Structure formats: C-alpha cells, structure tokens
Asks: 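Next up is a structure, given as structure tokens.
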Protein chains: 2
Amino acid sequence: MDDEFTLELDDQLCFALYAASRVITARYRPLLDDLGLTYPQYLVLLVLWERGAVPVKDLGAALQLDYGTLSPLLKRLEANGLVRRERRPEDERSVIVALTDDGVALRERAAAVPPVIGDAMGLSKEQTAQLRGLLRTLTDNVSR
Amino acid sequence: MDDEFTLELDDQLCFALYAASRVITARYRPLLDDLGLTYPQYLVLLVLWERGAVPVKDLGAALQLDYGTLSPLLKRLEANGLVRRERRPEDERSVIVALTDDGVALRERAAAVPPVIGDAMGLSKEQTAQLRGLLRTLTDNVSR
DNA sequence: CGCAATTACATCGTGCACAACTTAATCGGG
DNA sequence: CCCGATTAAGTTGTGCACGATGTAATTGCG
C-alpha cells in the first residue's frame, strides 16, 4: 500500500512548491511595496544590479521569462523611472535595458530586503544549501 | 567574505523556488491541456476528489487561495461542466462546490498525471521526502 | 546580390493571484 | 427584538505568465 503516485493533495510535491513560492512572494510584498516594486520587477533589477545593462533576451534567459512577460514589465519599470530602454545601434533588433540613476540608487535600499526574508525563512545554513540544491536538481531534471 | 544575504540572483533561495514552481507547472501544462484543465483548476479538483462537496471557504483554506482567485476559477469549471455550485439552505451565505458526473469521471484520466510528473522530477524517494519536509518547514516559518 | 529563414522584440488574449471594495446573510449583545 | 459586527462570497483593477501572432532587422544560402 505504498502507492508512490496518488491524487492526494498533501502528497504532491508540486503543491508544496506552489504554496511555498506564493508564501515567499507574499512575504516580499510589503518590503517591495516600500520600494515601489513587484517581485518580478525586483528580480529584473537583481540582474541589472549584478550585470549592468543587458539586452531583453539576456534578462529572459536569466529569469526564464519570455517577451510577453518582460516587455510590459520593462515598460512599467521605465515609466517608474528606474530603467531606460534603447535600441542597440549595431543591431536594431536588440533592446538594451539599462538602469537610470534612480535605478542604481535603489540598490542600497534593496540591500535591506534579503536579510529580512532570510530570517523569516528560518532555515539553517545547511538546510538552505540542501534546499537550494534539491530545487536546482529538480528544475534541471524537469526542464530537460 | 561569507556574506550570508546578498543581492545576487543565484544566491536567492526565493528565485530557485520561483523558477522551480514555474518549471513544474509548465511540465503539467500539456498533460492538463488534454484534460481541459489549468494547473490551479487541477488543484481544486484534487481537493474535491479527495473530500467531496465542500464550501468555497474550505477550498480556499486547503489551497491558500482567496475568493478573488477562486470565484472566477470555479465559474469556469462550472461552465466546463465539471462542477456545480449551490447555496447551502441552512446558511445562504455559503456556496457548496460539488463535482458533476463529468467531474467525477475525470478522476480516472487524471490518475495518469502524477506518475508522469513524478518521473520527470527524477528525485529519489529520500530526496522527495526531504524536499517536501524542507518546503513545509519553510512555508510554516514564513507564513507565521 | 536576392530573398527566404532566423532573430529580437512587441502585442493580444486568457487565466491566475491578490488587494480593495461591495453585498447579502447570519450572529450576538443589550 | 434590534442593530452593529462578523462572515461568506463576489466584483474590480493591476500585474504577472504564457501561448499565439505580428513585425522589423539581420543573416545566410544559392
């Protein structure tokens, strides 16, 4: 009677994952509201703070998001004055996303966020490393 | 130089979680398309298959979703003939969600789904149990 | 070179998530 | 019994996700 795969909600790893992901972004929400950001917008800024100006394509590759998600998101970031978008002269198909001064400046305030989240997660260093490893293995396996 | 909390994307457990969750639902998509379901609709049916008719409130508690998400979702399930919604006579505030015959019948076809997903995840029994445990601990900690 | 294929991006439509607000039914204290 | 508070659900508006489609720029092959 050890049916490995059932239709029971609590058995499903996928639901645990889905629930955990939503709880986490809910925890981010009040912190990011103070910065005027949504969670996906915050992820885009993480990439830009780390790498500097990049084409939209690279953002999509880093975050695994397509243009249908990124185009309007970047438009909103631009409307909020955090980002500039400019066609690359050497290849007019490509759009480079770059931080404005406001976008760069926001990084300092954002630095306060990860410790709060890390604290709320309440996992030991070992548990954190283990979880990250399992999630990557799973993501790699599934997306193959 | 072991800054525990940085703004680097790859360090963030939250991103690993967010990415894993989206990859999983992407893997579900073609399977659920065949059943005419979306992933959240599938989760609702899991609850109904397991518990039978329940009020909307209980669905929300089980899946951690609010009425703003569930009301239109249930309307679509009803429009597709998988579910009925009826006010409870003893308390007209409450709406009971019950499976139709089609909804009950769909369970058999849905039983084919979990093994495919479980297989795609490619984790051992131990890894699966470990991951589920870590996700629950994290969810409990964060939502407290 | 000429042009078909590819690439990078944008747009549109559907369906979640979720906050804020509204409505209708029930409950509970005075 | 009455009325304010609570409860269950629905509605509206915003912002993702993502498939499908469109478009302009570039590439590459004959």
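Here the structure is a predicted model, which is why all the values come from computation and not from measurement. Note: hydrogens, waters and symmetry copies are ignored here, and every other heavy atom, side chains too, is used.
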Asks: When B/Leu7 is tested against each of A/Val113, A/Leu46, A/Leu45 for side-chain contact (heavy atoms from CB on, under 4.5 Å), which residue passes?
Replies: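 With B/Leu7 as partner, side-chain contact (heavy atoms from CB on, under 4.5 Å) holds for just one option, A/Leu46.
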
Asks: Does A/Val54 form a side-chain contact (heavy atoms from CB on, under 4.5 Å) with A/Arg51? I'd like the steps, not just the answer.
Replies: CA-CA 7 Å; A/Val54 292; A/Arg51 300 199 201 167; 4.0 Å; yes

Asks: Under 3.5 Å, is there a donor-acceptor pair between the B/Ser94 and B/Asp91 side chains?
Replies: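 The criterion, which ignores hydrogens and geometry beyond distance, is not satisfied for B/Asp91 and B/Ser94.
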
Asks: Can you sort out the partners of B/Tyr28 under side-chain hydrogen bond (donor to acceptor under 3.5 Å, both in side chains), two or more places apart, ordered by chain and number?
Replies: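 B/Tyr28 satisfies side-chain hydrogen bond (donor to acceptor under 3.5 Å, both in side chains) with A/Gln12 only.
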
Asks: Whole angstrom is fine here: how far is it from NZ in B/Lys57 over to C1' in C/dT26?
Replies: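 So the two atoms are 14 Å apart, to the nearest Å.
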
Asks: Is any NZ, NE, NH1 or NH2 atom of the basic residue among B/Arg87 and B/Glu92 found under 4.0 Å from an Asp or Glu carboxylate oxygen of the other?
Replies: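 B/Glu92 and B/Arg87: not salt-bridged.
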
Asks: To 10°, what angle do the rotation axes through the five end pairs on each side of the helix from C/dC1-D/dG30 to C/dG30-D/dC1 form?
Replies: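 One end's axis against the other's: 10°.
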
Asks: How does each nucleotide of nucleotides 14-20 of chain D score, in 5' to 3' order, for protein heavy atoms under 4.0 Å: base (B), sugar-phosphate only (S), or none (-)?
Replies: -SSBBB-

Asks: Rounded to whole Å, please give me the gap between CG in A/Asp33 and C1' in C/dA20.
Replies: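 Result: 13 Å.
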
Asks: Can you check the B/Leu43 CG to C/dG15 C1' distance for me, whole Å?
Replies: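 The distance from CG of B/Leu43 to C1' of C/dG15 comes to 14 Å, rounded to the nearest Å.
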
Asks: Could you tell me which residues satisfy side-chain hydrogen bond (donor to acceptor under 3.5 Å, both in side chains) with A/Glu86, sequence neighbours excluded, listed by chain and number?
Replies: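 With neighbours one apart ignored, the set is A/Arg84.
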
Asks: Tell me which residues in residues 78-99 of chain B lie within less than 4.0 Å of DNA chain C, going by non-hydrogen atoms.
Replies: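 Output list: B/Glu90, B/Asp91, B/Glu92, B/Arg93.
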
Asks: Give the rounded distance in Å between these two atoms: CG of B/Leu59 and C1' of C/dA17.
Replies: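 So the CG-C1' distance, B/Leu59 to C/dA17, works out to 16 Å.
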
Asks: Checking A/Leu77 against A/Arg85 for the side-chain contact (heavy atoms from CB on, under 4.5 Å) test, could you report, in this order, the C-alpha distance in whole Å, the side-chain angles of both residues, the deciding distance, and whether it holds?
Replies: CA-CA 10 Å; A/Leu77 280 180; A/Arg85 286 189 300 165; over 6 Å; no

Asks: Taking only N and O in the side chain of B/Lys75, is any of them less than 4.0 Å away from OP1 or OP2 of C/dG15?
Replies: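 It does not, given that no N or O in the side chain of B/Lys75 lies less than 4.0 Å from OP1 or OP2 of C/dG15.
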
Asks: Quickly work out the B/Leu32 CG to C/dG15 P distance and round it to whole Å.
Replies: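 The distance from CG of B/Leu32 to P of C/dG15 comes to 14 Å, rounded to the nearest Å.
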
Asks: Please say which of A/Val104, A/Leu43, A/Val83 ends up in a side-chain contact (heavy atoms from CB on, under 4.5 Å) with A/Leu48.
Replies: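 The side-chain contact (heavy atoms from CB on, under 4.5 Å) with A/Leu48 is passed solely by A/Val83 among A/Val104, A/Leu43, A/Val83.
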
Asks: Among residues at least two apart in sequence or on other chains, which ones pass side-chain hydrogen bond (donor to acceptor under 3.5 Å, both in side chains) with A/Glu108?
Replies: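 Expected list: none.
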
